[in-house]
Amino acid sequence: MSALLELRDVEARYGPVKALHGVSLSVEEGSIVAVLGANGAGKTTILRAISNTVRRSGDIVFAGRRLGRAGPDAVMRLGIAHVPEGRGIFRELSVWDNLRLGAYVRRDRAAVAADAERMLGHFPWIARRRGQAAGTLSGGEQQMLALARALMGRPRLLLLDEPSLGLAPLVVREIFRILAELNERDGLTALVVEQNASVALRVSQSACVLEVGRVVLAGPSTELREHDAVRRSYLGY
Amino acid sequence: MALAAFSWQELAQQVVSGLASGGIYASLALALVLIYRATRVINFAQGELATLTTFVAWSLTNHGLNKWVAFPLTLLIAFAGGVALERVVIRPVERAPVLTVVMLTIGLLIGLNGLTAWIWGGETRSFPSLFSTGTVDVGGVAVSYADIGVIGVTLGAVGLISLFFRFTKLGLGMRAVAANPETSPLVGIRVGWMLALGWGLAATLGALSGILVAPTVFLEPNMMQAILLYAFAAAILGGLESPLGAVVGGLLLGVILNLAGRYVPEVGGESRLAVALAVILIVLTIRPSGLFGRTVGRRV
């Protein structure tokens, strides 16, 4: 099976500060891959390197094609939806406008309308609050809206940055339940960056652990769950 | 000087003609707000751009083109010019600090002013009005066709723009960029083109205000400088963040200036500018975010 996304020796820097020191990883089509690591390990930067919102070098190949110098909007048009750190909600716009923006580049109106209906199936509260400014939603609702927005673009690959950040455990479970459901039913492919290792390792098929800008451990999630170092550092038992 | 005898009819007349000049301030103020919302830049060249395009309209009519053809054509030219200006002049400094861009627009102000004077000369010209002269009686109040026309055209333009923002995909994209420029490219929006489009729309609104004001103030290279100050006052009064505020602020300012000019003996002609500056000062002191602006802490 060939990988949908492959990173080879990717480096990235913020000004003089190097955040990734040669990261390689691959994401198989139809799988969820989790990236674990502490704060500042470079998890967010991996996603930003893929969507080209940080200065990077090295090879990133998506669906057999090098991403090269394609800007973030072009990367999105290729089929990669990035839900950024902090969710990237359009706070002043209505909930519905936020959802519609996910389909901004699509021309197939009827299918977009059908997808919007599907999203309302996953997140029924959106229908009730469609006219409300998105900035007034709770953190969990904003995260779900960001997820729904990304899915509205029918991405081949979803990049999800710390979906659990600042959310109550119940909400986190709900978000990952939906993610798992989309993965099983629709074959959604996702690269999920997450500090909450236990929930991320349950949903993902494979995972890697990042430390100071390097991949120090990678493998099937079931194996990583049993790995001593992972258990000590990230699962806490 | 004694206060002139007061009559309700005259008050109504003053309000209507205030609304007409206010409509002109409103369209220029809206132009300022469109660019400010998207980029946090006050475009000081907005007035000179309007003057330049009004001269283009003058040249077109002078070459025998019917004004109903020449004026819409001018608006198209202004749109294209605004887009081109953003792509060529502003784009290279897109990532520069806001102050740099503001300085650049001040440079543009001076440059465009010189260009206009160089091409068309400094003399004052008369400019054809879109509307016929004469007045119509509305409930005992004589209202000029020109005033009705200016109010109608500006409200129409504002209405069209708000429909564009609300109901088109491009409008949605532009609102998205104004709300969150960082996330916008992640949903596939080409941010640079949205900014250029904003400049195009702003230049079009400016051209409209120039065409509407030129018949009364006469066409000359410095024509819009006072109008730009009024537009600033209007935008600040309404709230720099708010398109609706710009329109309401413009209309309100027009009425305030007209009433002050008529009923306050010390105010007239040039000192109207002082009233506008006083409005700016008072708003900034009492309610810095303007009538329709929201005071929100900016996220850094």
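Chain A is the first sequence line, chain B the second, and so forth, proteins listed ahead of strands; every chain is numbered from 1.
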Do any of residues 41-80 of chain A come closer than 4.5 Å to chain B, heavy atom to heavy atom, and if so which ones, in number order?
Ser51(A), Thr53(A), Pro72(A), Asp73(A), Met76(A), Arg77(A)
What is the distance from atom CG of Leu93(A) to atom CZ of Arg175(B), rounded to the nearest 0.5 Å?
5.5 Å
Within 6.0 angstrom of Glu11(A) CD, more than 12 heavy atoms from elsewhere:
yes
Is the backbone N or O of Ile89(A) less than 3.5 Å from a side-chain atom of Asn180(B), with the two atoms forming a donor-acceptor pair by type?
yes
Smallest separation among heavy atoms of Arg106(A) and Lys169(B), with atom names:
O-NZ, 2.6 Å
What is the minimum heavy-atom distance between Leu101(A) and Ala176(B), and which atoms define it?
CD1-CB, 3.6 Å
Tell me, for Ala103(A) versus chain B, whether the close heavy atoms (under 4.5 Å) come from the side chain, the backbone, both or neither.
backbone
Within-4.5 Å side-chain heavy-atom neighbours: Arg149(A) and Thr183(B):
yes
Greater than 12 external heavy atoms within 6.0 Å of Trp193(B)'s CH2
no
When every non-hydrogen atom of Tyr104(A) is compared with those of Met194(B), the smallest separation belongs to OH-CE, 3.3 Å
